[in-house]
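Some notes on the structure that comes next.
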Amino acid sequence: MTEPPASPPPRPPAWSERLLGLLVPPDIRVSLQEDLRERFATLAGEEGLARARRWYLRQVLSAARPTTLWTLRVRAGGPASRWGRARWIGDAVQDVAHALRRTRKAPGAAMAAVVMLGIGVGGGTGVYAIHRAIQDLTGGAGLPDPGRIRVAAVRDSMGRWRTELPARAAAQLLEAAPPGRASAVSVRPRLLRVAGTVQLRAVAAVTPDHFAVMGARVALGRGIGAEDVGTPVVVLSHDVWRNQLESDPGALGAVVHLDRQPYTVVGVAAENFRDLGFVSAWVPLDVRAVGGAEDAGPPAPAPSTPPVTLVVGPVGERDPVLSGFVSRVGAILGQDPGPVGRAARAGRAGLVSIRELTSTGERRSIQAVFGILGALSLLVLVAASANVANLGTAQILARRRELALRRSLGASRGRVVRLVVTELLCLGLLAGVGAAAVVAGLTRLIPLWLPPSTANVVDFRVEIGHLWIAVALSVVASLLSAAFPALRTPATAEVLRGGPGSSRGEGPGRIQRGLVVLQVATSVLLLASAGLLLRSTTFLRSLDQGLVPDRSSVFTLAFPEPLYGPDDVDAFLRTTLPDLGTLPGVDAAAAVAPTPVISGVGTRVGRGFDEVGVAARRLSVSEGYFQAVGTELVMGRAVRRAAPDEAVVTADLAERLWPGGARLGRPVVIDGRTVRIVGVAESGVYGTGSVQPHVFLPLDPDRTDALAVVIRGSAGPGTLLAAVRSAVRELDPDIPVNSLGTLDDLLDRAQVLRRAASGLASLLGSLAFVIAVVGLYAHFSHHVASQRRAMGIRLALGAPRQRVLRETLLRGLALTAVGIGLGGALALAAGRFLRSLLFGVTPSDPGVLGSVTVFLLVTAAGALLAPARSAASVEPMVVLRED
Amino acid sequence: MGDTLSEFEQMVLLALLRREGEAYGASLHEEIHRSTGRDVAVPAIYVTLGRLREKGFVSARQEAGTTVRGGRGRKLFVLEDAGREALARTRVFLERLWADVDLRPAGGGP
């Protein structure tokens with residue numbers, strides 16, 4: 001008769017039982033497991049479940065101790081057939097223990113291998129991480145799959161995509177789109193007050209399906225849903241949540257203010273999700289209401305209907321649901337009476353990938369540069385692996401007696417190979433740790449090269465995934481680089497065949513010499529690229545910028561609608577700005593929109609309405625602007641505030657419009673209206689590589705909601721920021737004021753890509769250089785060690801020591817020269833790809849290539865000196881007695 | 001056989017003697033814990049029992065399944081004569097070594 005169990009006894013966690021099952025051989029597994037379960041149940045009853053679990057885990061770990069494992073599997077386990085399929089564990093434990101003993105015996109070689117691989121793999125992974133961060137920044141919007149998000153857009157007359165649609169057109173598109181596959185977004189700057197701090201942030205009003213359409217997730221709470229339309233709720237970005245709410249898990253339900261109106265937090269977006277343009281908060285949008293886009297929050301006066309962007313996603317390769325809609329986008333937008341409709345009717349409308357929307361030229365150069373750097377970092381890895389290969393070969397050659405002994409004692413060929421491979425695997429794992437450290441260091445170092453404004457935006461944190469990649473790569477690299485060449489050397493092959501393992505001297509072979517050449521070539525290529533980029537940066541800064549940047553500081557001010565209007569801008573220009581000009585240490589103060597150097601509105605300037613005109617950047621400026629930025633007026637005068645039909649053009653633009661002729665007083669057509677030239681300003685490159693035509697118009701308060709203020713004087717940006725803030729506070733305490741640094745900083749920002757690339761190339765170049773020098777040293781030390789007998793005989797036969805020294809040195813320099821030649825050729829070839837980033841210097845610049853050559857030859861000679869001297873100091877009698 | 005036993009082997013064999021007829025992994029662990037206060041590892045007991053079996057000091061038999069352990073029987077261990085002899089021999093060795101040993105410090109004291 002069986003008793004019904006009252007309640008099942010407590011059982012150990014399933015995973016720990018599985019772990020135990022893996023560790024112990026099958027013949028005792030069941031008994032041991034049952035015994036442990038019995039004791040577990042007793043202990044759980046006496047001392048509680050938590051204690052019992054800890055006790056069980058200790059028991060399992062005790063089974064994992066090498067000695068226990070060894071006895072359980074190998075000795076107590078009996079004949080091999082009974083060990084079952086997990087027999088390798090015992091062997092592996094033994095192999096690992098052996099490998100660790102070997103590593104401890106030769107710590108120098110092991111450390112060298114670890115450092116080499118750590119540098120190689122870490123550099124590569126670091127470049128990859130940074131590349132991803134920048135690529136993400138320039139077109140990923142922090143989405144898992146940005147390639148599948150499309151945006152409705154029209155091409156303007158300049159050939160650029162415009163995604164901002166009139167609200168009515170967007171509403172019609174949304175109506176026509178398959179349900180749940182499209183959403184409307186309206187991003188505009190608003191004053192966001194969180195935890196007492198007011199900042200001007202991009203806030204997106206979105207229709208309910210937006211998060212799903214973008215494929216965006218939330219970290220907390222939920223996204224904007226259908227039930228939110230018409231209610232004052234907000235989803236915050238992860239950044240705002242982290243930085244301003246200190247990642248408070250109880251943030252849901254908190255109240256924040258948008259343009260002084262209270263909103264309740266219902267969610268926090270997933271990390272990195274920035275939507276279309278660094279969005280800090282999302283609120284509901286009812287695009288169908290009142291025929292236009294309006295924030296469905298509390299009633300707020302909307303003086304004008306903000307434009308709306310229509311997003312469609314996720315789009316697959318073949319998507320029957322969407323294809324019907326795609327074909328109708330042009331027709332629907334064509335109904336718009338404005339410029340969007342005109343472009344659509346001209347066949348310039350469509351759905352564009354979100355990646356396409358970022359300025360394509362910039363993205364392409366970023367991808368090209370980081371593609372090259374990625375390839376170069378791979379080369380650094382190859383060079384590092386080459387060093388490890390040399391070290392591995394040398395180690396195995398040094399151990400051929402030991403390996404031969406193992407073979408003669410009955411160890412199988414596979415066993416000896418496994419011993420060597422395990423040793424290298426252990427090295428690889430250690431190197432992975434080194435690599436992870438290099439990645440972590442790099443991602444912290446890179447932002448230091450970038451201007452502060454960029455460094456804040458780009459997220460350079462190390463992802464755990466990258467570290468795993470680093471570890472995995474170093475394991476693979478150590479295996480590939482060391483195991484195969486090492487096992488292929490003739491001496492090892494002889495040992496593996498069961499031969500005696502000749503003790504005759506055997507120098508590094510052709511493969512090893514080839515690897516050294518490759519290392520030198522890599523470092524030449526990288527150092528030359530870094531040199532070229534550095535020369536370009538210096539050259540660009542030496543060009544005439546069109547302004548005098550050193551004593552001007554730049555601040556930004558915003559007057560976001562609907563809180564502020566043209567009157568506020570006008571009040572600032574009439575009262576606050578002149579006050580700023582009278583501050584002590586200030587020579588001139590002026591306002592400009594948008595911010596010069598880093599942004600500018602593209603326009604065309606023509607002599608008449610029937611002309612296409614010349615492409616130029618348009619800046620709207622207040623009186624005194626030219627004085628504040630240090631731009632000289634070549635002729636005429638500056639524009640006046642009350643004269644909207646006046647314009648100043650740069651000399652290059654004037655020359656293209658009226659070659660050699662008179663300019664002042666001439667009419668030109670800009671943005672569909674005629675203005676008169678009242679002055680000509682000096683030309684400049686504005687941080688780029690070529691002269692940038694500019695046209696300056698008077699600042700119009702009606703068309704401005706954000707300004708840059710340029711202040712020229714002896715005071716620095718820090719001191720001035722406080723002064724500007726206090727002056728603006730008198731006008732309105734909520735107007736956000738931020739510092740962009742000096743004009744010099746802005747010019748640097750224009751060079752950010754070139755600087756980042758040259759910084760990374762310099763770093764990789766230095767790493768490759770270290771690897772090459774160590775490689776040369778190791779190669780020739782090994783060479784000399786293996787040739788001691790031959791050298792001893794030569795010296796005994798009367799060869800002068802000087803000649804032995806010279807020959808070793810020359811042999812090394814010859815190898816270096818071959819590497820330099822190869823690296824030079826590679827650098828010339830790679831120069832073609834760098835050309836878009838090079839200014840004032842050609843890829844074959846003799847100065848750069850010459851200095852790299854001299855530098856490498858001198859350091860190579862230094863690295864070779866020690867092995868060469870040790871070759872020359874061989875004592876013939878000692879060497880000959882050794883055998 | 002002139003083998004002496006290690007401390008842990010002695011512990012396992014003595015526990016086995018004390019639980020004669022009911023000696024299996026869990027009961028041996030419990031016995032050692034109860035008598036010495038030491039929480040030894042059950043896998044270590046198995047390792048030791050394996051070694052003692054190799055030396056012929058103990059033997060094992062599989063008990064028929066019961067409802068208590070999910071239908072699986074216990075693996076019961078029995079002390080063999082050789083094991084008894086080894087225990088007795090070790091005890092004699094140790095007693096001889098202990099005879100006339102004074103643990104008090106050389107300078108006298110209590």
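All values below come from the heavy atoms of this structure, side chains included, with hydrogens, waters and symmetry mates left out. Convention: sequence-line order gives letters A, B, ...; per-chain numbering from 1.
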### D35(A) CG to H29(B) NE2 distance, which is reported to the nearest 0.5 Å
10.5 Å
### Task
Decide if atom CZ of R19(B) counts as having more than 12 heavy atoms of other residues, nucleotides or ligands within a radius under 6.0 Å.
yes
### Query
Among all residues two or more places apart in sequence or in another chain, which pass the side-chain hydrogen bond (donor to acceptor under 3.5 Å, both in side chains) test with R11(A)?
none
### Message
Take a 6.0 Å sphere around CG of D100(B) and say whether it holds more than 12 heavy atoms from other residues, nucleotides or ligands.
### Response
no
### Message
For the CD atom of Q59(A) and the CG atom of D39(B), what is their distance to the nearest 0.5 Å?
### Response
6.0 Å
#### Entry: Partners meeting salt bridge (charged side-chain N to carboxylate O under 4.0 Å, His left out) with R34(B) (sequence neighbours left out)
E31(B)
### Message
I need the E34(A) CD to R74(B) CZ distance, nearest 0.5 Å.
### Response
11.5 Å
### Query
Taking the six-membered ring for Trp, is the centroid-to-centroid distance between H33(B) and W55(A) below 6.0 Å?
no
